Amino acid sequence: MAQRRGDARNSRAWRKLRDQVVDEEPVCRLAFEGICTGASTTADHVIPVSDRQDLALERSNLRGACTECNEARRSLPDHLLVLGGAARPRALDLFRPLP
């Protein structure tokens with residue numbers, strides 16, 4: 001992920017928020033089949049920073065992710081992703097009503 005000078009992700013505030021996300025969401029929410037390691041080690045921006053820099057430090061725009069999945073995702077929008085892998089529910093399924 002290319003970071004520019006002045007990027008909020010180069011700050012102490014970002015590192016603290018990233019650590020909070022990893023603590024709160026210890027399982028990778030992206031879970032790309034074939035590459036996911038399972039454990040969150042970083043925070044993925046739901047709406048990429050390249051689209052909305054003002055959301056870079058917003059907790060509600062972050063989800064736990066393993067480094068491999070986060071790097072594979074890059075800045076692709078969620079509607080182009082197949083989240084959850086075969087053994088896990090899709091990330092957004094958490095918000096759908098139960099049958």
Side-chain angles (χ1 to χ4, degrees):
M1 144 176 37
Q3 295 180 354
R4 292 178 287 244
R5 191 169 200 213
D7 188 328
R9 294 168 294 177
N10 291 328
S11 69
R12 181 175 296 162
W14 164 249
R15 290 186 295 277
K16 182 177 178 181
L17 183 57
R18 177 201 58 210
D19 292 346
Q20 175 187 344
V21 170
V22 170
D23 286 344
E24 293 174 354
E25 300 180 26
V27 177
C28 179
R29 297 267 309 274
L30 294 174
F32 294 141
E33 194 169 354
I35 64 168
C36 186
T37 64
S40 291
T41 53
T42 190
D44 173 59
H45 288 87
V46 177
I47 299 172
V49 174
S50 58
D51 294 339
R52 292 284 307 270
Q53 288 185 350
D54 60 312
L55 298 177
L57 297 178
E58 289 294 325
R59 173 62 179 97
S60 61
N61 188 45
L62 298 169
R63 61 185 159 207
C66 71
T67 301
E68 291 77 357
C69 286
N70 200 350
E71 289 177 356
R73 180 198 178 207
R74 302 182 150 250
S75 293
L76 290 173
D78 273 5
H79 73 276
L80 296 177
L81 305 176
V82 176
L83 301 175
R88 297 187 189 158
R90 294 171 55 98
L92 297 178
D93 285 351
L94 298 172
F95 302 102
R96 293 194 181 128
L98 296 173

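The structure displayed is predicted, hence computed values, not measured ones.
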Separation between CG (Asn61) and CD1 (Ile47), nearest 0.5 Å, reads 5.0 Å
Contacts satisfying salt bridge (Lys or Arg N to Asp or Glu O under 4.0 Å) that involve residues 37-58 (not counting sequence neighbours) are Asp44-Arg63, Asp44-Arg73, Arg52-Asp54
d(Glu68 CD, Ile35 CD1) to nearest 0.5 Å is 7.5 Å
Any link between Val21 and Leu57 through a network of hydrophobic side chains (Ile, Leu, Val, Met, Phe, Trp, Tyr) touching at under 4.5 Å?
yes
The side chain to side chain contact (heavy atoms under 4.5 Å, CB included) partners of Pro77 (sequence neighbours excluded) come to His79, Leu80
Given Leu55 and Val49, is the side chain to side chain contact (heavy atoms under 4.5 Å, CB included) satisfied, shown in steps? CA-CA 7 Å; Leu55 298 177; Val49 174; over 6 Å; no
Taking every heavy atom of Ala31 against every heavy atom of Cys69, the minimum-distance pair comes out as N-SG, 3.9 Å
d(Leu62 CG, Trp14 CH2) to nearest 0.5 Å is 5.0 Å
Rounded to the nearest 0.5 Å, the OG1 atom of Thr41 sits from the CG atom of Asp19 at a distance of 11.0 Å
message: For Cys66, is there any backbone N or O sitting under 3.5 Å from a side-chain donor or acceptor partner on Ser40?
response: no
* Any luck finding a side-chain donor-acceptor pair between Thr67 and Thr42 under 3.5 Å? -> no
Distance col, row Asn70:CG vs Cys28:SG, nearest 0.5 angstrom, shows 8.0 Å
Note to self: Salt bridge check, Arg59 against Glu25: does any charged N sit closer than 4.0 Å to a carboxylate O?
What the structure shows: yes
Taking C-beta and beyond as the side chain, do Arg9 and His45 meet within less than 4.5 Å on heavy atoms?
yes
Tightest non-hydrogen contact, residues Ser11 and Ala8, listed as OG-O, 2.6 Å
Taking a hydrophobic cluster as the set of Ile, Leu, Val, Met, Phe, Trp and Tyr residues connected by side-chain heavy atoms closer than 4.5 Å, whether directly or through intermediates, do Leu76 and Leu30 fall within one such cluster? yes
